[in-house]
Amino acid sequence: GENVEQHPSTLSVQEGDSAVIKCTYSDSASNYFPWYKQELGKGPQLIIDIRSNVGEKKDQRIAVTLNKTAKHFSLHITETQPEDSAVYFCAATYTDKLIFGTGTRLQVFP
Amino acid sequence: NAGVTQTPKFQVLKTGQSMTLQCAQDMNHNSMYWYRQDPGMGLRLIYYSASEGTTDKGEVPNGYNVSRLNKREFSLRLESAAPSQTSVYFCASRGSYEQYFGPGTRLTVT
């Protein structure tokens, strides 16, 4: 079936450093790629998304890049802060559903 | 706007008991979804409803039933709970592309 692979599963960075999380997807028809941040005990929160007609999108310290040929997309967080510590999920559309990656636990140390 | 709300927040059931998880959204979205989240497995789709009056199975529908009561409400029912259904359950609704999640219900089946 369709799937989304996400790497790494855990990521530790020093405050101020950059963090990169990568995902690959299998369905060439996927056209929407959101990223969610989930804090402990809460529901996933949409932080940024990108559609297939765009290669890169930025929102302050976060950016997402998409390579449709290679079926890769990535989340970039610059100048990380302790409050960026959370689990991050990527997803890709499959018909009218989302297929999620298995998550990356990001820890930002002061 | 409350967004997506879920009740209850926590529930403990004995094996064989039944219960209904409630979900409501106030964003006038057509599509609604039920997911379960287990450690290391990301979010897996149980059932979804593309519009009022329609429901479809997702990746892990066994042991569950759903009802799309009206455009706002989408409930998930466990007829005979099993320990394997211990999980955190999230409801979501979708606008044109973006999915928005509720705060979750933490269910334990003993």
Side-chain angles (χ1 to χ4, degrees), chain A residues 1-10 21-27 29-54 57 59 64 66 73 75 86-106, chain B residues 2-10 21 23-25 27 29-52 54-61 66 68 74 87-107:
Chain A
E2 305 306 325
N3 74 304
V4 174
E5 293 189 3
Q6 183 172 347
H7 300 281
S9 56
T10 61
I21 302 170
K22 298 182 178 182
C23 290
T24 61
Y25 61 98
S26 58
D27 184 7
S30 295
N31 62 357
Y32 174 68
F33 307 90
W35 285 88
Y36 288 85
K37 176 184 181 182
Q38 187 176 27
E39 296 175 332
L40 196 60
K42 296 186 177 180
Q45 179 187 11
L46 179 67
I47 56 171
I48 195 167
D49 56 13
I50 192 167
R51 298 186 195 173
S52 59
N53 58 348
V54 175
K57 183 178 178 181
D59 183 3
V64 58
L66 172 65
F73 59 113
L75 177 71
V87 178
Y88 292 81
F89 291 96
C90 64
T93 49
Y94 174 62
T95 61
D96 53 358
K97 303 183 288 290
L98 284 178
I99 305 298
F100 285 84
T102 50
T104 296
R105 182 173 300 279
L106 173 65
Chain B
V4 180
T5 57
Q6 292 182 237
T7 56
K9 289 192 189 319
F10 301 94
L21 282 66
C23 174
Q25 52 94 7
M27 295 175 281
H29 289 164
N30 285 321
S31 299
M32 297 184 73
Y33 304 81
W34 276 106
Y35 295 89
R36 61 177 288 172
Q37 185 175 38
D38 302 295
M41 300 190 74
L43 291 146
R44 292 185 293 167
L45 183 64
I46 304 171
Y47 270 94
Y48 67 104
S49 170
S51 62
E52 188 178 350
T54 68
T55 61
D56 285 287
K57 295 179 181 180
E59 183 185 356
V60 288
V66 290
R68 183 72 183 268
F74 188 37
S87 190
V88 182
Y89 292 85
F90 290 101
C91 177
S93 71
R94 181 170 69 94
S96 51
Y97 282 93
E98 305 88 352
Q99 278 194 29
Y100 297 98
F101 284 81
T105 294
R106 186 174 295 274
L107 175 67

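Every chain is numbered from 1, with letters handed out A, B, ... down the list of sequences. All figures in this text were calculated on a predicted structure; none of them were measured in a lab.
Considering CZ of A/Phe100 and OH of B/Tyr35, their distance stands at 4.5 Å, rounded to 0.5 Å. Here the OG1 atom belonging to A/Thr95 is positioned 9.0 Å from the CG atom belonging to B/Asp56, to the nearest 0.5 angstrom.
Taking chain B as the reference chain and counting heavy-atom pairs below 4.5 Å, the highest number among A/Gln45, A/Arg51, A/Arg105 is found for A/Arg51. Annotation: maximal heavy-atom pairing with chain A below 4.5 Å, among B/Glu59, B/Arg106, B/Gln99, B/Lys9, occurs at B/Gln99.
The shortest non-hydrogen separation linking A/Phe89 to B/Gly42 is CE2-CA, 3.7 Å. Summarising the geometry of A/Lys97 relative to B/Tyr33, their closest heavy-atom pair is CA-CE2, 4.5 Å, with the distance given to 0.1 Å.
Residues B/Arg94 and A/Leu98 form no side-chain contact, since every pair of their non-hydrogen atoms from C-beta on lies 4.5 Å or further apart.
Atom OH of A/Tyr32 is surrounded by more than 12 heavy atoms from other residues, nucleotides or ligands within 6.0 Å.
In this structure, the portion of A/Asp49 lying under 4.5 Å from any heavy atom of chain B is its side chain and not its backbone. Only the side chain of B/Gln37 comes within contact range of chain A, judged by heavy atoms closer than 4.5 Å. Contacts between A/Pro44 and chain B at a heavy-atom distance below 4.5 Å involve backbone atoms as well as side-chain atoms. Looking at B/Leu43, both its backbone and its side chain come within 4.5 Å of chain A, counting heavy atoms on both sides. Residue B/Arg44: no heavy atom, backbone or side chain, is found under 4.5 Å from chain A. For chain A, the nearby parts of B/Tyr97 are the backbone and the side chain; heavy atoms of each come within less than 4.5 Å.
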